[in-house]
Student: 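Dumping the structure here so I can ask a few things about it.
Proteins get letters first, then strands, A, B, ... in listed order; numbering begins at 1 in each. In this text, all values refer to a predicted model and were calculated from it rather than measured experimentally.
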Amino acid sequence: MTTALAEHVDQLQLVDHHVHGAFITPLTRAAFETHLNEGSPDPVPPWMTQFDSQLGFAIRRFCAPLLDLPPHAPADEYWARRAELGVSEVTERFLRAAGVSDWVVDTGYGAGSILDVHGMAAASGARGHLVVRLESLAEGLAADGVAGVDYADEYGERLERATRDAVAVKSILAYRAGLDIDLSPPAPHAVADASRRWVDDLAHTGEGIRLVDPVLLRHGLHAAVQRGLPIQIHTGFGDRDLDLHRANPIHLLDFLRTPAVADVPVVLLHCYPFHREGGYLAQAFPNVHFDVGLALNHLGTRATQVVAESFELAPFAKQLYSSDAWGLPELHHLGAVLWRRAVTRVLDGWVAEGEWSAADALRVVDMVGRDNARRVYGLDPLARS
Amino acid sequence: MTTALAEHVDQLQLVDHHVHGAFITPLTRAAFETHLNEGSPDPVPPWMTQFDSQLGFAIRRFCAPLLDLPPHAPADEYWARRAELGVSEVTERFLRAAGVSDWVVDTGYGAGSILDVHGMAAASGARGHLVVRLESLAEGLAADGVAGVDYADEYGERLERATRDAVAVKSILAYRAGLDIDLSPPAPHAVADASRRWVDDLAHTGEGIRLVDPVLLRHGLHAAVQRGLPIQIHTGFGDRDLDLHRANPIHLLDFLRTPAVADVPVVLLHCYPFHREGGYLAQAFPNVHFDVGLALNHLGTRATQVVAESFELAPFAKQLYSSDAWGLPELHHLGAVLWRRAVTRVLDGWVAEGEWSAADALRVVDMVGRDNARRVYGLDPLARS
Amino acid sequence: MTTALAEHVDQLQLVDHHVHGAFITPLTRAAFETHLNEGSPDPVPPWMTQFDSQLGFAIRRFCAPLLDLPPHAPADEYWARRAELGVSEVTERFLRAAGVSDWVVDTGYGAGSILDVHGMAAASGARGHLVVRLESLAEGLAADGVAGVDYADEYGERLERATRDAVAVKSILAYRAGLDIDLSPPAPHAVADASRRWVDDLAHTGEGIRLVDPVLLRHGLHAAVQRGLPIQIHTGFGDRDLDLHRANPIHLLDFLRTPAVADVPVVLLHCYPFHREGGYLAQAFPNVHFDVGLALNHLGTRATQVVAESFELAPFAKQLYSSDAWGLPELHHLGAVLWRRAVTRVLDGWVAEGEWSAADALRVVDMVGRDNARRVYGLDPLARS
């Protein structure tokens, strides 16, 4: 692959528009393998290794060379070398090799065990931008006992404050209630009642704080619409907590048809295996965008096919690149590698067959890998943080 | 691609078994771009052009040469040249270049702004055949105040009259109520009541006439079953009015299991992204056929993949070609171009690998591109209108 | 295809982990064609032949040579030669050519018209292993009038007895009630009541015995969980009795989340067109495995694509090979041929592009084609029955 497009793609500084921090402390190998599996929190059974998967093979192929090993190095050698180099060195190597100019970082899960926005910027020499998770904000209110008629106002104020330096908000509603519920704005008294119930329950049960009440989830979403920042929404696969079929982005249709929602960018994350539905929504609504983020890493060499499938109904101005990496810095790097390889193969194929012009292919790569995200999140193209 | 199959496919005169008329009057560029987007009725946002899509690239690639421009001509040049040539010239060029011998024309939407069956025949030098939309017929009854016990008889009489020269009827039930509703024949008194309610509502609300009552939608469908003509049913993607997941053709299972329905050909239109479900139904029911019509144009070069996916479960006698072009004559031409390219690549690939014989590939192309539609709609192979 | 991988795949003795017996007696051609269609029990319409399908073309391509005919022999010649050779000869040729060392045989449908486990072993010179169908067991109880408080105990005892020499059980719940129902263990009194109702109904209606009661279906499933053998579950397409969308394996999520279920291997059969969902579940639950069995044969050359799609989320230790052949011995052979071709092309492609190492490809082929099934079903690698 030494076409002009391949060279261009290799040089392109990406915006990774949805990502999390890399681990701060060392892992055991068992924990490492568990983190190669998005769906299951269980230990990997003794009769298998999670390295025997598309993601595992892709790590041995594309990450091993960054640890001074040959491509396809055996899992044991990979693990030994990784442990030898240590967390900081491994993290820096992967983050810097990713060719990412901007990380748009969701800090809503695992804070303390992973790098924050500044940590990501420092370790990578790139810029970091903050994404605020709507559900975490609500959980902060509940922890502080905010409920009743104060809840909505306080949520609005905290959202305003928390997002002062943020470029987007994110909802993981798909995990908490599914996307196939009524997503209309709830009435004020319903929000007051629901928050009161929640805080009361917390006092009595002593369980961890986890927002699952549909009324408050909907309230957060519509508060975000009013705030006006781009809204990232998790759709498609994730860990098995989530009912996959209820995380199909198509269930957002009624929400997206709500007039006020048309005024804010909505970005559907991951979508797999419903990325054709994601692409449809990106065609059908001027404010809707989508990516196939998480699937890139977990599908390894099959990322090429999913990227091809993502180039169907959606206009090219509506597609974005993300790795959705969390924890393992391999994922921050590998997502970029796999996307570059996929987009190069797919678009070069069309150019070779005379279907697309070479100039258009270059232009579309820039849009999807960088420019669309800059536009959606209002990133300054020049400044470096 | 100069294989025997490629030459054969290029020469094949197609039956475009589901299509609409081309525009009669000139468009603004803004309107043109809006018509490149099936899903959204909104203006294209100022920060993008709808030309930056698979359909837009395919138009610049395959339609530009028909306007005497080089392949991949820039959008602005394309637009300028198109405007310069004028509606009639552009329409004739595209319709005649499509290589279509028969247009099977649904006139149920946009009458007055687009060519009718005779207009299509005249502009293209090919034959036109009429498809009658079931919902439009019902709306005509409501407009005339026909309701109560007279409704069913009058519907039957008008259907008989309207379809005297028609080759098929069509239902857009997917847009009006979804396919996931009870689709059994309604009781006569339910039809009488529903029609009375509808006509009363029209008198009081003054809203436009638009049939959405499930009882009357079902009645129309079963009246069509009794009439015995092939029934085309919109399934899969369309504009965002439609709940995409409720337009999955698999929801027609109970309807298709109804004994009387087995006696009429049912043709599932478009199906995307549920074309695998469409192919399954075409295998599971002797009277069911399907196409991937609308997706061909809107997926541009990716039409190849969707055509490949349509060659899975369905027997080859159950697949048909359509463009589902509406308005823009580019679409009447491009659908045929993209289908020809797709089927050539896909089938030639199988022949090259020794999976299919060359003779079988030729035969299947004739079936899907022409002969199956002739059989389903009873088209005379020889006469020219 | 003369790569090292291709040679290795050709030599690999497969475990066909889900299959049925081959026909014992001759068929008419009409019956043969009907059996080429999984979805429809109806006669093939006079204006088509079921040979004009991916499965029909694959039979003419890959089965004709085993009958001493050239590849792509016409259907009529194929049929004449097949009739001339006779059932035993045809069956032996196909079964022996399949390169299968172990047939894991579900005998729950068509007993008497097809070979049993011993018959399959004898005709093929390979080993046969028994799979017991949970619903058949329940129907045996009903036939014997077992109901009320005795039902659960008797079911448990018969299950124990019936599976003494079995390697797995199988559920066709998808056909009988759909997978989208409550699948929790029913209360004992509910089982007693439901069985009493069933036996009473049988006495009064005189209808054939067919278990459709959700309570008893659920009871069978959880009895199987307690028994501890691997549970095969039909998911995805089948004949049109089944509501395809309700046979999506994703509906098993709540069942799979049940703690006791985690202790037994669950194998999702077929899955198509929901094999991406099947792969997701195989990643998300350590005990879940899947195959694309039935789709291999019915998709013919397109099996390659579906095999590629099956190599996405699921770890490689969780995928199995099956033909799901029933009746026609062509299917026992062809499933293996198509899987070998598919896996060779797909994995060789990745090796050629440098994405996978050649050694890994060989290893994964052994896992999916043989070793995973040996592990799941506890098959002795050496003994021959």
Student: Determine the interplanar angle of the A/Tyr280 and B/Phe237 rings, folded into 0 to 90°, and report it as parallel if under 30°, tilted if 30 to 60°, perpendicular if over 60°.
Tutor: perpendicular
Student: In terms of heavy-atom pairs under 4.5 Å with chain B, which of A/Ala317, A/Ala359, A/Pro315, A/Ala262 leads?
Tutor: A/Pro315
Student: Report which part of A/Ile250 has an atom under 4.5 Å of a heavy atom belonging to chain B: side chain, backbone, both, or neither.
Tutor: both
Student: Can you tell if the side chain of A/Trp350 reaches within under 4.5 Å of the side chain of B/Phe57, non-hydrogen atoms only?
Tutor: no
Student: Please list, chain by chain and in numerical order, all residues satisfying side chain to side chain donor-acceptor pair (under 3.5 Å) with B/Trp339, sequence neighbours excluded.
Tutor: none
Student: Does a side-chain heavy-atom distance below 4.5 Å link A/Leu313 with B/Glu38?
Tutor: no
Student: Hey, could you give me the CZ/CZ distance between B/Arg240 and A/Arg257, rounded to the nearest 0.5 Å?
Tutor: 8.5 Å
Student: Checking B/Tyr272 against chain A: side chain, backbone, both or neither under 4.5 Å from a heavy atom?
Tutor: side chain
Student: Under a 4.5 Å heavy-atom cut-off, does chain B meet the side chain of A/Val364, its backbone, both or neither?
Tutor: side chain
Student: Give the minimum heavy-atom separation between A/Pro286 and B/Pro43, together with the two atoms involved.
Tutor: CG-O, 4.3 Å
Student: Indicate yes or no: at least one non-hydrogen side-chain atom of B/Asp52 is less than 4.5 angstrom from one of A/Met367.
Tutor: yes
Student: If I compare all heavy atoms of B/Pro273 with all of A/Arg276, which pair ends up nearest, and what's the gap?
Tutor: CB-CB, 4.0 Å
Student: Using non-hydrogen atoms and a 4.5 Å limit, figure out which bit of A/Phe311 sits close to chain B: side chain, backbone, both or neither.
Tutor: both
Student: Just checking heavy atoms, which of residues 297-308 of chain A are less than 4.5 Å from chain B?
Tutor: A/Gln305, A/Ala308
Student: Give the interface residues of residues 69-80 of chain B toward chain A, defined by a heavy-atom separation under 4.5 Å.
Tutor: B/His72
Student: Taking side chain as everything from C-beta outward and backbone as N, CA, C, O, which of these in A/Trp356 sits under 4.5 Å from a heavy atom of chain B? Side chain, backbone, both or neither.
Tutor: both
Student: Which one, B/Arg61, B/Met48, B/Gln54, leads in non-hydrogen pairs under 4.5 Å with chain A?
Tutor: B/Gln54
Student: Between B/Arg345 and A/Glu353, is there a side-chain N and carboxylate O pair less than 4.0 Å apart?
Tutor: yes
Student: For residues 170-181 of chain A, pull every pair meeting side chain to side chain donor-acceptor pair (under 3.5 Å), keeping only residues two or more places apart or in separate chains.
Tutor: A/His18-A/Lys170, A/Asp106-A/Lys170, A/Glu135-A/Ser171, A/Glu139-A/Arg176, A/Asp180-A/Arg246
